Every structure is written in structure tokens, then in C-alpha cells.
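This one's a predicted model, so the numbers in the text were calculated from it and none came from an experiment.
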There are 2 protein chains.
Amino acid sequence: MKQQALFKALADPTRRQILKRLRRGSATAGDIAADFEMSKPSLSHHFNVLKEADLLRNERRGQHIVYSLNTTVFEDAAGLLLDLFGNRAREDSNEN
Amino acid sequence: MKQQALFKALADPTRRQILKRLRRGSATAGDIAADFEMSKPSLSHHFNVLKEADLLRNERRGQHIVYSLNTTVFEDAAGLLLDLFGNRAREDSNEN
DNA sequence: CCTATATTTAGATAATTGGCTAATTATTGA
DNA sequence: TCAATAATTAGCCAATTATCTAAATATAGG
């Protein structure tokens, strides 16, 4: 797991919106682009960043490229958060 | 809760290390600086970013400024992750 | 094989970021 | 009040990033 790539990918609002867009199901690059006010190359760049973080999977289907969420990374992300906060929050929160 | 500030704050490795350092308990700016190979002003900048994300609290104690983790934001962060992945991962993972 | 369509890659540029040193502010204690 | 200590703010610079347009690549269908 590439921790830095994951955090970096999540740091951009456009990329987070792409993830949210893909919750509704996989979509082609063009479909996604239609929902964003941004050039296709810019979005393509964001797809790459998300892919480096292993947050997206893609598959060519004819002329189209279909992107979909890789939900398995969700667990990694949760683990990273726990790591940062030392999971004290779970067992005993003595600072309320 | 400032979502963008939170994600941005977590995107930097130095800042993540600061958070981890503070898991061991609160510490003064100088104490923390002693653990990092970086100038104090640079660290001070990182403290600010973390504070904007509400990840840190600080309190002046004499000449020192004591920083500590704000663990309540942990829940916010977890919520944001769930939001991104649509918590499908919890109920039904049909892509193993 | 050629053209249209979908997408990515290349290359340029403006904005942001992360680091530094120097200067400033705040506090303590003599 | 002054010197010492702790930390921040200011100002500068190099590296990274997000965006764009133009060019390249891949595929489908006639």
C-alpha cells in the first residue's frame, strides 16, 4: 500500500468528487467528464493520481475506458487513520 | 468541520509524523522540533496547517506552547472516508 | 484503409506548497 | 527594565501541482 499516494490522492476536491461520482457505479472517462466543468485531459490526470493510489480500476471496453472504485482500499485508508490517531479513540476516550 | 483543510493537512508526511508524535502525549513546539530534522519555523508552519484542520490544540504554558492532539476530529475523518466510499464496503462487497 | 470518436500524453504556465533565514513577539527572571 | 529563551511571522525561493491546448494513440465501423 502506498500511504503517501493515498493521502495525496484524497487531498484534492476534484478527486474526491470523482470518487463520489463512482459510488453510483462505474462510468467511462467521458461520462465522468460530462459531470465536471473541466477539460478531459485534466480529468485524465486526476484519474492517474487516483489510480496510483489504487483507488480506481480501469478497463478498456471498445473505444471507452471504464473506471470503477476499488473499495478494498477503503480498509487501508481506515487503518491509516487509526494509525495516526493511535486508535485510542476506540477503546477509551478520556478527553470528552 | 473543514473537510478540505483536514484532507490537506493529512497529505503531508511531516504533518502525519507530527500527529503520530503527539499520540505519545502532548509536547511543546521545541520538544517536537527536537525530533525532526527541520527548522523550527518550518515546523511552526505545519502546526498551523494542522491547527486549521482542527487536528491540534495548543495552549501557552509560560514561555512554551504545548501542542496536543484533538482526537475528536478522528470521527470526522472516519465519516469523510465513509462518505467517499459510500459505505458499501460495510454491507456488501460484491467485488472480491 | 480511412475517418470519427474516446481517451491519453506532451508541453506550457500560473498557483500553491514546503523549506530556509532573518526579524518579530511573548515570557521569564535577574 | 534588560537579557535570555521559546516560538511565531515575514519574506524569499525551488519544487510540485492543477490546469489548459495541441498532438498522439487506440478502437470501431464503413
Report the distance from atom [atom1] of [X] to atom [atom2] of [N], rounded to the nearest whole Å.
{"X": "A:Phe47", "N": "C:dA6", "atom1": "CZ", "atom2": "C1'", "value": "12 Å"}
{"X": "B:Leu56", "N": "D:dA7", "atom1": "CG", "atom2": "C1'", "value": "15 Å"}
{"X": "B:Glu37", "N": "C:dG18", "atom1": "CD", "atom2": "P", "value": "19 Å"}
{"X": "B:Glu59", "N": "D:dA7", "atom1": "CD", "atom2": "C1'", "value": "15 Å"}
{"X": "B:Gln4", "N": "D:dT17", "atom1": "CD", "atom2": "P", "value": "15 Å"}
{"X": "B:Asn48", "N": "C:dG19", "atom1": "CG", "atom2": "P", "value": "14 Å"}
{"X": "B:Leu43", "N": "C:dT17", "atom1": "CG", "atom2": "C1'", "value": "15 Å"}
{"X": "A:Asp31", "N": "C:dA6", "atom1": "CG", "atom2": "P", "value": "10 Å"}

For the atom pair [atom1] ([X]) and [atom2] ([Y]), what is the distance rounded to the nearest 0.5 Å?
{"X": "B:Ile65", "Y": "B:Ile32", "atom1": "CD1", "atom2": "CD1", "result": "11.0 Å"}
{"X": "A:Arg21", "Y": "A:Asp31", "atom1": "CZ", "atom2": "CG", "result": "6.0 Å"}
{"X": "A:Lys8", "Y": "A:Leu6", "atom1": "NZ", "atom2": "CG", "result": "11.5 Å"}

State whether [X] places a side-chain N or O below 4.0 Å from either non-bridging phosphate oxygen (OP1 or OP2) of [N].
{"X": "B:Asn58", "N": "D:dA7", "value": "no"}
{"X": "B:Ser39", "N": "C:dC20", "value": "yes"}
{"X": "B:Lys40", "N": "C:dT21", "value": "no"}
{"X": "A:Thr28", "N": "C:dT7", "value": "yes"}
{"X": "B:Arg60", "N": "C:dT27", "value": "yes"}

Side chain of [X] (C-beta onward), nearest among [options]:
{"X": "A:Ala29", "options": "C:dT7, D:dT8, C:dT21", "result": "C:dT7"}
{"X": "A:Ser44", "options": "D:dC20, C:dT8, C:dC20", "result": "C:dT8"}
{"X": "B:His64", "options": "D:dA7, C:dC20, C:dT9", "result": "D:dA7"}

Tested for side-chain contact (heavy atoms from CB on, under 4.5 Å) against A:Leu69, the lone hit among A:Leu19, A:Ile18, A:Leu50 is A:Leu19

Would you please test A:Asp12 and A:Val49 for side-chain contact (heavy atoms from CB on, under 4.5 Å) and show each step? CA-CA 10 Å; A:Asp12 182 89; A:Val49 177; over 6 Å; no

Nearest heavy atom decides the nucleotide; on that basis, is B:Tyr67 or A:Arg15 closer to the 5' end of DNA chain D? B:Tyr67

Result for 5'-nearest mapping on DNA chain C, choosing between B:Pro41 and B:Asp12, is B:Asp12

With heavy atoms under 4.0 Å as the rule, sort [X] into base, sugar-phosphate or nothing.
{"X": "A:His45", "answer": "base"}
{"X": "B:Phe36", "answer": "nothing"}
{"X": "B:Arg61", "answer": "nothing"}

Once hydrogens and angles are ignored, does a donor-acceptor distance under 3.5 Å link the base of C:dT28 to the side chain of B:Gln63? no

Taking the side chain from B:Gln3 and the backbone from A:Pro13, do they hold a donor-acceptor pair closer than 3.5 Å?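 Such a contact is absent between B:Gln3 side chain and A:Pro13 backbone.
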
